[in-house]
Amino acid sequence: NPGSRVLLAFSSVAAILLSMGSAFGLCAGMGFMWTPVHSILPFVILGLGVDDSFVITSAFDATDRSLPTVTRMRLALGHAATSITVTSLTDFTAFAISTSSALPALSSFCVYAAVTILFLFILQFTFFTAALCLDEERQRSRHLDCCPCCSDACVACCVATPCCSPLPEEELGGEKDEGGE
């Protein structure tokens, strides 16, 4: 349905995966070792990234829907940016300070974490906010989440897909057929 945000959720996960891929590649390229301890890092970053996405989306949803999307995003980031910046900065600083640990595995883990948090911060404010704006435009034009090129009026080809089920007639502004057809 047009109000669904499945693709936006995938965009959030994509931003998180891109930050991890970029940071892990950069750190490995710089010669930092990978240890079994590092396998925890994706879960830490997933938690941080999803939280950032929720904060941005919540601030965006709290804005006046009658305003243009760009204005709404500017207002939303005016509220959400402080929270996300403080959280990311404190996490980055904590991991950056811990890179001076005498334990090589812990030091390497903290380098990977600090760099990943930096990439995540950048991608949340660029990639995810752009995805949120595109999703809002999709919703305004009443296009489906699973098939953004299709409107809710042309779902005959994919009506069996749960995310593509058509809206009830009442929501479309029409009246329901009394004959059951």
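Just so it is clear, the values below take in all heavy atoms, side chains as well, and ignore hydrogens, waters and symmetry mates. In this text the structure is predicted, and so the values were computed from the model without any measurement.
The side-chain heavy atoms of Glu136 and Arg65, taken from C-beta on, include a pair separated by under 4.5 Å. Looking only at side-chain heavy atoms (C-beta outward), Met73 and Thr129 come within less than 4.5 Å of each other. A heavy-atom distance below 4.5 Å is found between the side chains of Asp52 and Ser88. Within the 4.5 Å cutoff, the side chain of Ser108 has no heavy atoms near those of the Thr35 side chain.
Phe128 and Leu134 sit in two unconnected hydrophobic clusters of ILVMFWY residues. Membership requires side-chain heavy atoms under 4.5 Å apart, directly or through other members. The hydrophobic clustering, which links ILVMFWY residues whose side-chain heavy atoms are closer than 4.5 Å, places Met20 and Met33 apart.
Listed here is the closest heavy atom pair of Gly49 and Gln124: O-NE2, 3.5 Å.
Remark: the Glu137 side chain and the Thr69 side chain contain an N/O donor-acceptor pair separated by less than 3.5 Å.
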For residues 23-30, run the donor-acceptor check on the side chains, cut-off 3.5 Å, and write out each pair with its distance to 0.1 Å, sequence neighbours left out.
none

Using atom types as modelled, flag every donor-acceptor pair under 3.5 Å from a side chain in residues 9-17 to any protein atom, sequence neighbours excluded.
residue	atom	partner	partner atom	Å
Ser11	OG	Leu7	O	3.0
Ser12	OG	Ser53	OG	2.6

Enumerate donor-acceptor pairs with a distance under 3.5 Å from any side-chain N or O in residues 114-121 to protein atoms, sequence neighbours excluded.
residue	atom	partner	partner atom	Å
Thr116	OG1	Tyr112	O	2.6

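Taking Ile, Leu, Val, Met, Phe, Trp and Tyr as hydrophobic and joining them when side-chain heavy atoms fall under 4.5 Å apart, one finds Val70 isolated, its cluster having no other members. Under a 4.5 Å side-chain heavy-atom cut-off, the cluster of Ile, Leu, Val, Met, Phe, Trp and Tyr residues that includes Leu123 is completed by Leu18, Phe127.
A salt bridge does not link Asp135 to Arg140: none of the charged nitrogens lies less than 4.0 Å from a carboxylate oxygen.
In this structure, Arg74 has no salt bridge (Lys or Arg N to Asp or Glu O under 4.0 Å) partners at least two apart in sequence or on a different chain.
Listed for the Ser83 side chain is no donor-acceptor partner under 3.5 Å among the backbone atoms of Ala80. Side chain of His79 to main chain of Ala76: no donor-acceptor pair is present (N/O by atom type, distance under 3.5 Å, no hydrogens or angles).
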